[in-house]
Amino acid sequence: MFAIADCNNFYASCERVFQPKLNHLPIIVLSNNDGCVIARSNEAKALGIKMGAPYFKIEQFAKQENIKVFSSNYALYGDMSQRVMQVLSQYAPRIEVYSIDECFLDLTGFQADLTSYCVPICKVVKQWTGIPISIGIAPTKTLAKLANRLAKQGQSKHGSVLDWSSIDEADVILASIALDDIWGISRRWTEKLQQIGIHNALQLKRANVSLLRKQFGVVMERIVMELNGISCIALEEMPSPKKQILTSRSFGEKLTEYHDVRAAVTHFATRSAEKLRRQKMTTQTLTVFIQTSPFDKNPQYANSATLQFDCPTNNSSLLVEAANHGLAQIFKSGFFYQRAGVLLPELWAEGVEQISLFDVADSTKSKQLMRALDDINKKHGKRSIVYGSKLLSRRWQMRQQYKSPSYTTNIMELMTIQI
DNA sequence: TCTGGGGTCCTAGGACCC
DNA sequence: TCTGGGGTCCTAGGACCC
């Protein structure tokens, strides 16, 4: 038996915790670079703001309707997420933190009425963190997600909690659910399913499984089984180690100069190395890529370069050097670059890598240097020590015009109260 | 002027092994 | 007249998630 707890309009709710005057007012949160809408309060949804809408297209409307706009503040959202997850973890022997705002709970074997068990969870999370959540309960993850969606739509007699098994005519409900509201089914598959006469969740539940397996593969087969109440997607308690690490950004403005892009790439390589070390991993491969904007009417260009290290490493200096080397190979002047990134596509656990027969580098020294670097940056602020090529330019940095303070993670940005 | 940033899994096909 | 059986690894592309 699964429950899924899902924070309502999570990013918008995080902003509201620290500005309660915004309760009941329309709020939107923008993606990095203040590009697209990625979260909306219910009031903003009611005004017709679409998920993913480019901000510059709705800016006028937002002003006109007095919608409160925020840049993404991931320091805040990440910290608030941890608080919510910590509370939830007290209510089940096993949980799976599925995303920044969602968590599966294993309720297998619980004797109590599950709805009565979960209603207080919502209350406590709200009281202790300020974040409103909804809970869906079902024998499979897929059905739990559907129950959660129905709860959010106000279709439960118990407020924000809905147990799938308490629904009298589940098939009638299923018939009213669109295909792309099902977890794992998006636009392409919706179109493909409609072509073979399947138009809603009930039809998919009753469809011929082996036929669907042939046409769509095992992923679709699992979805159909799960709709039928047969659990195929297990709870994954331990986060599995990362298989790749990507650091990339759109630039705050289009860049044409090599040194501007180089500064960005140096930063991405440094960040990637930091992520590697935090996860105690190394990489033997680095890919650096650059691209112009697909929306740009100017000539388009995109390219990448992949470099190999002699031995797996997480040394920032080596990654920065490789990224700069790769950039030199692919950079062409005359283009308006919009985005760049550094990808580490295959990772190793630190210490298990194959070293080179001829490697004479003192790896102990390298490790000590990186530890000193990380310690200093931790103690004295994130960017106390940086690589020189990052200082060539700041023009790549993203726009964040509407960012709220990092209330919970930066002592300098604590909330102030006037009496 | 202005359109995000991370990830994962599966499959088919080709190359290769004994 | 007739030419096996059982595998692995890698890659690209396509789909999906939040």
Side-chain angles (χ1 to χ4, degrees), chain A residues 4 6-7 9-11 28-39 50-62 69-74 77-78 81 96-104 141-142 145 148-149 179-193 212-223 232-234 236 239-255 264 267-268 271-272 275 279 285 287 289 291-298 304 306 336 338-347 395 397-402:
Chain A
I4 181 152
D6 189 323
C7 301
N9 313 328
F10 183 53
Y11 297 169
I28 56 174
V29 180
L30 305 179
S31 64
N32 274 340
N33 230 9
D34 295 340
C36 303
V37 175
I38 55 167
K50 295 276 182 294
M51 186 70 169
Y55 179 57
F56 74 92
K57 287 190 178 174
I58 60 157
E59 190 172 358
Q60 278 311 314
F61 179 73
V69 180
F70 290 94
S71 303
S72 294
N73 183 347
Y74 288 104
Y77 310 150
S81 171
E96 173 187 345
V97 177
Y98 174 66
S99 74
I100 194 164
D101 70 334
E102 288 171 82
C103 181
F104 286 103
K141 282 181 163 181
T142 303
K145 292 273 280 188
N148 188 293
R149 165 177 281 272
L179 291 173
D180 55 5
D181 287 343
I182 301 167
W183 189 40
I185 297 186
S186 191
R187 206 185 72 226
R188 298 274 156 70
W189 278 5
T190 298
E191 288 167 7
K192 228 175 133 183
L193 284 167
L212 286 174
R213 162 131 199 178
K214 277 198 197 92
Q215 280 194 39
F216 293 84
V218 68
V219 176
M220 180 68 83
E221 184 180 22
R222 286 195 198 116
I223 292 171
C232 303
I233 307 171
E236 286 175 35
S240 42
K242 288 260 179 293
K243 295 178 177 170
Q244 59 175 47
I245 285 176
L246 174 66
T247 308
S248 79
R249 289 282 179 283
S250 294
F251 306 135
E253 54 181 299
K254 303 282 189 288
L255 300 181
H267 175 71
F268 302 150
R271 279 292 301 143
S272 296
K275 291 180 190 175
Q279 296 180 31
T285 312
T287 299
F289 63 87
Q291 55 191 237
T292 53
S293 166
F295 299 101
D296 206 326
K297 291 185 183 64
N298 293 306
S304 67
T306 298
F336 293 86
Q338 180 236 8
R339 185 175 134 97
V342 166
L343 173 68
L344 311 178
E346 45 184 321
L347 308 179
R395 298 182 66 180
Q397 288 180 340
M398 61 185 176
R399 291 187 301 272
Q400 280 189 310
Q401 215 182 321
Y402 314 102

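In what follows, every heavy atom counts, from backbone to side chain, and hydrogens, waters and symmetry copies are set aside. Naming: A, B, ... by sequence-line order, numbering from 1 per chain.
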Whole-Å distance, A/Leu179 CG to C/dC17 C1', equals 17 Å

Only one of A/Ile223, A/Thr142, A/Val219 passes side-chain contact (heavy atoms from CB on, under 4.5 Å) with A/Ile233, and that residue is A/Thr142

Would you indicate what A/Leu30 reaches in the nucleic acid, counting non-hydrogen atoms under 4.0 angstrom: base, sugar-phosphate, or nothing?
nothing

Open item on the list: Within the 3.5 Å criterion, strictly below it, is a donor on A/Thr287 or A/Ser304 matched to an acceptor on the partner's side chain?
Closed with: no

A/Lys141 NZ to C/dC16 C1', in whole Å, measures 15 Å

Taken to the nearest whole Å, CE/A/Met51 to P/C/dC18 is 10 Å

Rounded to whole Å, the CD1-P distance (A/Ile182 to C/dC16) equals 12 Å

- [ ] Look at the side-chain N and O atoms of A/Ser186 and state whether any lies under 4.0 Å from the OP1 or OP2 oxygen of C/dC17.
- [x] yes

The correct list of stems in which DNA chain C takes part (3 or more consecutive Watson-Crick or G-U pairs, distances under 3.5 Å) is B:5-18 with C:5-18

Next item on the list: Before giving the answer on ring pair (Phe, Tyr, Trp, His ring centres under 6.0 Å), spell out for A/Tyr74 and A/Tyr11 the whole-Å C-alpha distance, their side-chain angles and the decisive distance to 0.1 Å.
Entry: CA-CA 9 Å; A/Tyr74 288 104; A/Tyr11 297 169; 5.7 Å; yes

Atom CG of A/Leu193 and atom C1' of C/dC16 are separated, to the nearest Å, by 13 Å

Each nucleotide of nucleotides 2-13 of chain B classed B (base within 4.0 Å of a protein heavy atom), S (only sugar-phosphate) or -, in 5' to 3' order, makes BBSSSSBSSS--

To the nearest 0.5 Å, atom CE of A/Met398 lies from atom CD of A/Glu253 at 15.0 Å

From CD of A/Gln401 across to C1' of B/dT1 the rounded distance in Å is 12 Å

If you define the side chain from C-beta out and look only at heavy atoms, does anything of A/Asp296 sit under 4.5 Å from A/Lys254?
yes

Indicate yes or no: at least one non-hydrogen side-chain atom of A/Ser72 is less than 4.5 angstrom from one of A/Ile38. yes

Rounded to whole Å, CD1 of A/Ile223 lies from P of C/dA15 at a distance of 14 Å

Closest non-hydrogen contact found for A/Gln215 with A/Lys192 is O-NZ, 3.4 Å

Is any side-chain heavy atom of A/His267 less than 4.5 Å from a side-chain heavy atom of A/Thr247? no

In whole angstroms, the gap separating P of C/dC17 from OH of A/Tyr98 amounts to 8 Å

Between A/Leu347 and A/Lys243 the two heavy atoms that sit nearest each other are CG-O, 3.7 Å

